[in-house]
There are 2 protein chains.
Amino acid sequence: MIYSVRAGLLQLVLNRYRHRMARSIHVRRPATLASLAAELGVSRTTVSNAYNRPDQLSPELRRRVLETARRLGYPGPDPVARSLRTRKAGAVGLLLTENLSYAFRDPAALGFLEGLALACEGAGQGLHLVPVNPEREDVAAVHRAGVDGFVVYSVPDDDPHLAAVLSRPVPTVIADQPHIEGVDRVGIDDRTAITELAQKLINLGHRRIGVVCMRLARDRNDGFASVERQQNAHFHVQRTRLGGLAAAFSTVGVDWASVPVVERFDHSSAMGASAAAQLLDADSQITALICTSDILALGALAEAKRRGLRVPQDLTVTGFDGIIEAERMGLTTVRQPVLEKGKAAGRLLLSPSERTRPRSITLETEFLPGTTAAPPRTTEERWFGP
Amino acid sequence: MIYSVRAGLLQLVLNRYRHRMARSIHVRRPATLASLAAELGVSRTTVSNAYNRPDQLSPELRRRVLETARRLGYPGPDPVARSLRTRKAGAVGLLLTENLSYAFRDPAALGFLEGLALACEGAGQGLHLVPVNPEREDVAAVHRAGVDGFVVYSVPDDDPHLAAVLSRPVPTVIADQPHIEGVDRVGIDDRTAITELAQKLINLGHRRIGVVCMRLARDRNDGFASVERQQNAHFHVQRTRLGGLAAAFSTVGVDWASVPVVERFDHSSAMGASAAAQLLDADSQITALICTSDILALGALAEAKRRGLRVPQDLTVTGFDGIIEAERMGLTTVRQPVLEKGKAAGRLLLSPSERTRPRSITLETEFLPGTTAAPPRTTEERWFGP
DNA sequence: CTGAAAGCGCTAACAG
DNA sequence: CTGTTAGCGCTTTCAG
């Protein structure tokens, strides 16, 4: 069986290797490029060339070098030493706000990650996920990362990890937030996108609204957010979306200070549901719930259902992002091209960075009408039916 | 506003930094630990200590060092040089079969990734995703990765990247497949799990079955898989599951050679659907479709629906993995703890590797009855209704 | 096609 | 608490 043969071969290679290692550990001298050269009686350059520039030596000699390498258990040039010498690590670092694992839960972050991975793959670059332990502020991990550049995905303005990244002498691209002058950026026009959405609701007649948003700062505040807190939010995206809503609704006479905005630290649909509940409990006359993300909106939808409120007849709910699940549910939302965003970030970082930096890429968003927005019911309808 | 103040500060730091860089690029001599020491009139050790062992020098001197560093635009010890010296990269490499981006599509792979990321995070280690361009066999990326160890996730027996990983003198853990003697491993007992599932179907009375499986080798074969191909499959997991099914059904007199097994190269529910169609077209008397993954099973479910076949009354469908979507659909399947698997892989790699290697961790699986399996209809029922 | 020289930037003993 | 000494393992001109 072919399989057996191949597996057997692999096993063989492996055993031989382990054997060498066991010995080298003992001898305390794992083969190195220099020792290999010595053994062969050639210069280090030649051995190096055997690996990196096959055309720089005779096939015969190259064969001999490689053969001897195998015999001595030399695993090829050490990547770290090579990186030090060439000043190239062959990898880009990725910094995320949350636990690494958070990114694997949020569809929008996942889309971004996929796009970025695609770009890296295309360029043969590794993707180094920087471990950010949310408990202790372990900025050290940023300094330890051997990478040629960083992509920073959606962090607060005052993130210490971001500061650490910027202090490193490598190119950096920030996705979404924060906006920092002089640093390459890729994102969307949050202001325009949220304004369009707000206008739709305004046109439908909504004036009494409630807002559910993501965390506004690094401190946890699961509850109402004052106007001041909104304006001082450390997350550019949330700040802009709230600001856009405020501006839009103000034009039709809504006093923003009277609009309840509920914030949630953790980004999950369960939090969206509890936030919606808090809003509805505080003011049962609310006709529309505007959520700054689809995840939260999905939770709001669930809460509405739990209360027996029909959407959109009794309550309008909107989201933001355009994740597949939202689309499947017919959520009224704004779609942003997350995959493209990731690719663009990668391209920006890996492209031959001309001296024309900083560069900024703003991707298009699209309003998705969905089926969860409708004109508000009048008070009468509320009591006596449509 | 606090925000403005902080943002302003960051901006300041940044500008100063860019300024230095612009200059250093010109001078062609970015500050280094040595130059900093010279400037300060102290030894390199002292500067190094200022960063790595704060308790080894007076607070005052340390302050001076750090202050001068800032002034000179010294970004702190170069991570690559440090890695070369300390022989620690502070990161683990992850090798996946497919495009990096594939992992972000498959819920099972994603769960594994999350678990692994969690483990790395906990240990303050970075996670270096190795770029595997499926087109060209770019084994070089494996050699270029500056990591302290590798986790290999579910690759074929003869994967050249795996061979490259094993040739590197760092610890390695293989998740799922292949099984290689002498290499640490974490996985499940596929044989037992699939046997339990097969037994359930057998007990329900199924004898005429069809099987949908994932790719069996590195070459594309979207169609029926001969028994020989099944036995020679280069993917241990698929080989074992098919083998388990064959053994179980043979005990009740089913001739495995007569059981149609359809293979699909790409792992998607669309492929599951087309495979199911192929099976049903070939033999309309099939009473149960056994799929070796939930993704494929979900597709089979869709195809059954498309044909107006009721599940489980007209057709039994089973999966494998226990992804959330499958659970939501009530799929009869086997759940495996993917998150735990990832964590275990990370722990295994990062734990103080005693000389008791190789180690192997086998995680428990759980049969999920679901609602997509039922006794087959008799031929009479098929024609005349229940 | 091959070799000699010159570090890349840093840390780790081990003495003071 | 501070400095001296020695490389980590490799690539890269620049000559032969």
Looking at every strand, decide which applies to [X] at a 4.0 Å heavy-atom threshold: base, sugar-phosphate, or nothing.
X	answer
B/Arg53	sugar-phosphate
B/Val80	nothing
A/Leu57	sugar-phosphate
B/Tyr51	nothing

How close or far is atom [atom2] of [N] from atom [atom1] of [X], stated in whole angstroms?
X	N	atom1	atom2	value
B/Lys88	C/dT11	NZ	P	15 Å
A/Tyr74	D/dG9	OH	C1'	8 Å
B/Leu40	D/dT2	CG	P	12 Å
A/Arg144	C/dC10	CZ	C1'	15 Å
B/Arg85	D/dT5	CZ	C1'	11 Å
A/Leu84	C/dA6	CG	P	18 Å
B/Arg44	D/dG3	CZ	P	12 Å
B/Leu36	C/dG9	CG	C1'	13 Å

Exercise for the section: Measure up the B/Tyr51 and B/Tyr74 rings against each other and bin them: parallel (under 30°), tilted (30 to 60°), perpendicular (over 60°). Expected result: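 Perpendicular: the ring planes of B/Tyr51 and B/Tyr74 meet at over 60°.
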
Exercise for the section: If the plane angle is over 60° it's perpendicular, under 30° parallel, otherwise tilted; pick one for B/Phe104 and A/Phe104. Expected result: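 Judged by the thresholds at 30° and 60°, the geometry between B/Phe104 and A/Phe104 is parallel.
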
Between [X] and [N], is there a side-chain N or O to OP1/OP2 distance below 4.0 Å?
X	N	value
A/Asn49	C/dC1	no
A/Arg82	D/dT11	yes
B/Thr32	C/dG9	no
A/Thr86	D/dT11	no
A/Ser48	D/dC10	no

Practice task
Measure from the side-chain N and O atoms of A/Arg62 to the backbone N and O of A/Ala50, and report whether any donor-acceptor pair falls under 3.5 Å.
Solution key: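 Indeed, once roles are kept as given, a pair shorter than 3.5 Å links the two residues.
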
Problem - Spacing of CG belonging to B/Asp157 relative to NE2 belonging to B/His234, to within rounding of 0.5 Å - result: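 So the gap between those two atoms works out to 6.5 Å.
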
Output side-chain donor-acceptor pairs under 3.5 Å for residues 342-350 of chain B, partner residues at least two apart or in another chain, one line each.
none

Exercise for the section: Classify the side chain of B/Thr45 versus the base of D/dT4 as yes if they form a donor-acceptor pair under 3.5 Å and no if they do not. Expected result: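 Indeed, a donor on one side and an acceptor on the other fall under 3.5 Å apart.
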
Problem - Shortest side-chain distance from B/Pro77, nucleotide among C/dC10, C/dT2, D/dT2 - result: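 For B/Pro77, the side-chain atoms sit closest to C/dC10.
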
